[in-house]
Protein chains: 2
Amino acid sequence: MRQQYDVYAMRCPTRMVLDRIADKWALLLLDRLAEEPMRFNRLRRDIEGLSQKVLSQTLKRLERDGLVFREAFATVPVTVEYSLTPLGRTLNETASALAHWAERNMDEILQAQAAYDRKTSGGS
Amino acid sequence: MRQQYDVYAMRCPTRMVLDRIADKWALLLLDRLAEEPMRFNRLRRDIEGLSQKVLSQTLKRLERDGLVFREAFATVPVTVEYSLTPLGRTLNETASALAHWAERNMDEILQAQAAYDRKTSGGS
DNA sequence: CCGTATCCGACCGGATACTG
DNA sequence: CAGTATCCGGTCGGATACGG
């Protein structure tokens with residue numbers, strides 16, 4: 001039942017953490033929650049392509065890692081709000097540098113891909 | 001034959017790049033290659049838990065994205081050296097901030113996990 | 001509204017064998 | 001040495017239905 005993790009990662013601290021944060025949805029969620037606290041279905045709607053199941057799993061993992069704080073209000077029906085913990089906030093600051101890098105260098109990557117594909121498929 | 005990518009990511013530049021670099025092995029490889037240019041089997045041996053197949057795939061993807069440079073020498077048998085391109089180097093500088101964050105905050109994460117598990121499994 | 005449970009197909013990645 | 005090809009079991013994740 002409990003999820004199984006990479007055996008090798010267990011022995012190396014950095015890899016264990018990397019294993020968890022090198023995750024597309026986690027990074028996207030962190031970034032979204034950095035703007036403002038948000039409810040479950042709001043996140044689900046906002047992040048296109050993210051299914052309810054995976055959202056649930058990812059949030060739970062982030063909460064367990066102490067990166068995201070989950071607060072349930074006893075309204076009817078129940079209201080749940082997710083926000084970043086201080087730890088999660090520091091991670092997002094670090095990780096968002098990656099997103100900025102992505103924006104800045106996307107064109108160059110696209111060009112590299114095109115060049116590579118020309119050499120590969122049309123190989124004389 | 002050509003790998004299929006996330007449809008949603010196609011429309012958002014950041015997500016397309018994030019899709020590719022939010023990858024455990026890719027980041028690990030970038031970091032390893034930042035130290036010095038390296039050969040295939042050397043990488044394979046150095047990075048525990050990384051199979052030949054996945055190493056090959058990952059390197060090819062990194063090369064296609066213009067992040068890694070592959071140079072083959074006509075020795076017998078063939079020698080191939082992988083190194084970072086300038087673009088790959090800038091990515092690694094950004095990404096290594098993540099690794100450092102991981103090292104600094106691993107203890108806190110571990111504690112958060114323990115606390116979470118206590119509340120969850122032993123929930124009175 | 002906020003999830004969990006179940007089913008099931010797709011894909012990922014390990015093991016192995018083989019090529020230049 | 002540096003890979004590619006094939007097979008194949010395990011896991012991830014989408015769809016659907018249901019519960020608090």
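Any value given below was found using the heavy atoms of this structure, including those in side chains, with hydrogens, waters and symmetry copies removed. Chain A is the first sequence line, chain B the second, and so forth, proteins listed ahead of strands; every chain is numbered from 1.
In this structure, B:Gln52 places its CD atom 11 Å from C1' of C:dG14, rounding to the nearest Å. For the pair B:Lys53 NZ and D:dC7 C1', the interatomic distance rounds to 9 Å; values are reported in whole Å.
In plain terms, the two heavy atoms of A:Ser96 and A:Asp31 that are nearest each other are CB-OD1, 4.1 Å.
At least one side-chain heavy atom of B:Arg42 sits less than 4.5 Å from a side-chain heavy atom of B:Asp46.
Non-hydrogen atoms lying under 4.0 Å from DNA chain D are contributed by B:Arg39, B:Phe40, B:Asn41, all within residues 36-47 of chain B.
By the 4.0 Å N-to-carboxylate-O rule, B:Arg64 lies close enough to A:Asp117 to be salt-bridged with it.
DNA chain D is contacted by both A:Leu50 and A:Val78; A:Leu50 maps to the nucleotide lying nearer its 5′ end (nearest heavy atom per residue).
Counting only distance, with no hydrogens or angles, the side chain of B:Thr85 and the backbone of B:Gly66 share a donor-acceptor pair below 3.5 Å.
Of the side-chain N and O atoms in A:Ser56, one or more sit less than 4.0 angstrom from OP1 or OP2 of C:dT4. Residue A:Ser51 places no side-chain N or O under 4.0 Å from the OP1 or OP2 atom of D:dA15. In this model, the phosphate group of C:dG3 is approached by a side-chain N or O of A:Arg70 to a distance below 4.0 Å at OP1 or OP2.
Donor-acceptor pairing under 3.5 Å, judged by distance alone, is absent between the side chain of A:Gln57 and the base of D:dG13.
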